[in-house]
A.B. asks: 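This is the structure, below, for whatever I ask next.
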Amino acid sequence: MAEAKWYAVQSYSGHENKVQRLLQRKIEEEPGESPEDRELQEVLVPTQEVMEIKNGKRVEVTKRLYPGYVLVKMVLNDRTRHLVNSVQGVIKFVGSGRDPQPLREEEINKILGVKVEGDEPEKEEVPFRAGQVVEVVSGPFTDFSGTIQEVYADKGKVKVEVSLFGRPTSVELDFSQLKGY
């Protein structure tokens with residue numbers, strides 16, 4: 001049997017999880033002792049946990065990395081191509097011409113979070129930068145404006161210079177206490 005590769009499948013935006021469930025059912029119906037023996041092997045909607053600030057609070061949310069796309073690990077042939085294309089919500093395989101293009105190994109490793117020698121660890125996105133003007137939205141300095149002097153990304157805090165009694169004063173505040181402009 002040919003080697004299974006990962007393929008990207010375009011789906012209607014917002015239907016990725018539904019497509020994943022329907023494809024998962026088809027995988028479970030596939031003949032074969034183990035998942036590796038099957039032509040249709042795995043389906044994945046790549047997501048990432050990110051921190052967002054909502055209503056002044058840090059909240060962890062799951063975001064789709066590639067809205068409108070589902071990844072399928074399979075042996076490509078007419079039968080598996082038809083199985084995937086027949087799933088409700090699937091638009092088409094990603095690729096040029098008639099044949100879908102498999103994802104490159106480095107692409108799939110990055111998506112799956114497989115660490116490869118020499119890779120830099122991904123840094124959490126910092127919503128603020130030094131020199132940015134911000135407004136304090138909670139805490140004892142609410143409604144004060146100031147300029148960020150330093151960002152402490154590892155702590156989720158910044159040093160902000162605010163004007164207190166007409167004098168510049170540095171205060172350390174949490175990301176969730178600030179609103180950027």
Side-chain angles (χ1 to χ4, degrees), residues 1-129 132 151 153-156 175-176 179-181:
M1 181 165 75
E3 182 187 352
K5 294 186 174 156
W6 284 96
Y7 294 89
V9 176
Q10 188 178 7
S11 69
Y12 292 107
S13 191
H15 289 113
E16 299 90 349
N17 292 339
K18 176 181 170 187
V19 168
Q20 181 183 20
R21 279 192 312 274
L22 292 171
L23 280 170
Q24 192 61 48
R25 268 196 219 129
K26 290 196 182 276
I27 289 170
E28 290 162 7
E29 294 167 0
E30 272 286 294
E33 294 293 317
S34 68
E36 294 79 35
D37 298 336
R38 300 174 179 152
E39 290 181 328
L40 209 53
Q41 294 182 0
E42 204 173 331
V43 62
L44 175 71
V45 176
T47 58
Q48 178 181 25
E49 299 295 321
V50 294
M51 292 303 261
E52 283 188 354
I53 297 175
K54 290 188 178 181
N55 300 328
K57 291 187 172 48
R58 286 177 63 143
V59 181
E60 192 169 16
V61 294
T62 302
K63 285 201 166 190
R64 286 190 290 274
L65 288 176
Y66 308 104
Y69 293 92
V70 177
L71 303 180
V72 181
K73 185 176 184 182
M74 61 184 236
V75 175
L76 184 66
N77 58 36
D78 287 342
R79 187 182 78 78
T80 56
R81 183 190 331 234
H82 176 72
L83 266 174
V84 172
N85 278 325
S86 68
V87 168
Q88 185 181 357
V90 168
I91 298 172
K92 64 178 181 172
F93 277 96
V94 174
S96 57
R98 176 166 148 63
D99 287 330
Q101 298 297 311
L103 296 171
R104 294 191 312 271
E105 193 171 338
E106 55 272 14
E107 291 173 318
I108 200 66
N109 285 344
K110 184 178 176 192
I111 292 167
L112 295 175
V114 175
K115 293 287 179 220
V116 180
E117 287 278 326
D119 270 3
E120 289 291 313
E122 274 193 37
K123 295 190 171 49
E124 187 178 328
E125 209 171 292
V126 179
F128 301 106
R129 67 189 184 303
Q132 182 179 6
V151 177
D154 53 331
K155 294 188 208 170
F175 287 172
S176 65
K179 180 174 96 179
Y181 289 110

A.B. asks: Once side chain to side chain contact (heavy atoms under 4.5 Å, CB included) is applied, do any residues pair with E28, and if so which ones, sequence neighbours excluded?
C.D. replies: Q24

A.B. asks: Ignoring hydrogens, what is the shortest heavy-atom contact between V87 and K26? Give both atom names and the distance.
C.D. replies: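 Looking at all heavy atoms of both residues, the shortest contact is CG2-CE, 3.5 Å.
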
A.B. asks: What heavy-atom pair brings P100 and R81 nearest, and what distance separates the two atoms?
C.D. replies: CD-NH1, 3.3 Å

A.B. asks: First locate atom CD of E106, then atom NZ of K110, and finally report the distance between them rounded to the nearest 0.5 Å.
C.D. replies: 11.0 Å

A.B. asks: When you look at CZ of R79, are more than 12 heavy atoms from neighbouring residues, nucleotides or ligands closer to it than 6.0 Å?
C.D. replies: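 Yes, enclosed.
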
A.B. asks: Check whether any side-chain heavy atom of L40 lies under 4.5 Å from a side-chain heavy atom of V84, and answer yes or no.
C.D. replies: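 Side-chain contact under 4.5 Å: yes.
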
A.B. asks: With sequence neighbours left out, write down each residue that passes side chain to side chain donor-acceptor pair (under 3.5 Å) with E49, or none if nothing qualifies.
C.D. replies: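 E49 satisfies side chain to side chain donor-acceptor pair (under 3.5 Å) with T62 only.
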
A.B. asks: Going by salt bridge (Lys or Arg N to Asp or Glu O under 4.0 Å), name the residues that satisfy it together with E107, two or more places apart in sequence or in a different chain.
C.D. replies: R104

A.B. asks: Going by side chain to side chain donor-acceptor pair (under 3.5 Å), name the pairs with one or both residues in residues 67-77, residues two or more places apart or in two chains.
C.D. replies: E39-N77, N77-T80

A.B. asks: Search all heavy atoms of V94 against all heavy atoms of Q10 and return the closest pair with its distance.
C.D. replies: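 Scanning both residues, the minimum pair turns out to be CG2-N, 4.3 Å.
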
A.B. asks: Quick check for you: to the nearest 0.5 Å, what is the distance between Y66 atom OH and L71 atom CG?
C.D. replies: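 Taking OH in Y66 and CG in L71, the distance rounds to 8.0 Å.
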
A.B. asks: Within a reach of under 6.0 Å around CD of E60, are more than 12 heavy atoms found that belong to other residues, nucleotides or ligands?
C.D. replies: yes

A.B. asks: Could you work out, with salt bridge (Lys or Arg N to Asp or Glu O under 4.0 Å) as the rule, every residue matching K92, not counting sequence neighbours?
C.D. replies: none

A.B. asks: Could you tell me whether the side chain of L23 reaches within less than 4.5 Å of the side chain of V72, counting heavy atoms only?
C.D. replies: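 SC-SC contact between V72 and L23 confirmed.
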
A.B. asks: Not counting sequence neighbours, list each pair that qualifies as a salt bridge (Lys or Arg N to Asp or Glu O under 4.0 Å) and has a residue in residues 7-18.
C.D. replies: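 Matches after skipping sequence neighbours: E16-R64.
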
A.B. asks: How would you list, by chain and number, every residue that makes a salt bridge (Lys or Arg N to Asp or Glu O under 4.0 Å) with E42, sequence neighbours excluded?
C.D. replies: none

A.B. asks: Can you name the closest pair of heavy atoms from S11 and V19 and give their distance?
C.D. replies: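 Looking at all heavy atoms of both residues, the shortest contact is CB-CG2, 3.9 Å.
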
A.B. asks: Who pairs with F93 by ring-ring contact (aromatic ring centres under 6.0 Å, His included), at least two apart in sequence or on another chain?
C.D. replies: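 F93 satisfies ring-ring contact (aromatic ring centres under 6.0 Å, His included) with no other residue.
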
A.B. asks: Could you pull out the closest heavy-atom pair between I108 and W6, with the gap in Å?
C.D. replies: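 The pair with the smallest heavy-atom distance is CG1-CD1, 3.4 Å.
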
A.B. asks: Report the distance from atom CG of N85 to atom CG of D78, rounding to the nearest 0.5 Å.
C.D. replies: 11.0 Å

A.B. asks: Only counting residues at least two apart or in another chain, list the ones meeting salt bridge (Lys or Arg N to Asp or Glu O under 4.0 Å) with K179.
C.D. replies: E135

A.B. asks: Working to the nearest 0.5 Å, report the span between CD of Q41 and NZ of K5.
C.D. replies: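 Between Q41 CD and K5 NZ, I get 12.5 Å after rounding to 0.5 Å.
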
A.B. asks: Under the side chain to side chain donor-acceptor pair (under 3.5 Å) rule, collect the residues that match up with S86, sequence neighbours excluded.
C.D. replies: none

A.B. asks: Are V43 and I27 packed together at the side-chain level, in the sense that at least one heavy-atom pair is separated by less than 4.5 angstrom?
C.D. replies: yes

A.B. asks: Looking at E105, I want to see if its CD is surrounded by more than 12 non-hydrogen atoms of other residues, nucleotides or ligands under 6.0 Å.
C.D. replies: no

A.B. asks: What I'd like to find out is whether the side chain of Y7 reaches to under 4.5 Å of the side chain of L103, using heavy atoms alone.
C.D. replies: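 Side chain of Y7 against side chain of L103, heavy atoms only: no contact under 4.5 Å found.
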
A.B. asks: Among residues at least two apart in sequence or on other chains, which ones pass side chain to side chain contact (heavy atoms under 4.5 Å, CB included) with D154?
C.D. replies: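 So D154 forms a side chain to side chain contact (heavy atoms under 4.5 Å, CB included) with Y152.
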
A.B. asks: Can you tell me how far apart CG (N17) and CG (L22) are? Round to the nearest 0.5 Å.
C.D. replies: 11.0 Å

A.B. asks: Would you say that P102 contacts L76 through its side chain, given a criterion of any heavy-atom pair below 4.5 Å between the two side chains?
C.D. replies: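 A side-chain contact is absent here, since even the closest heavy-atom pair is not under 4.5 Å.
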
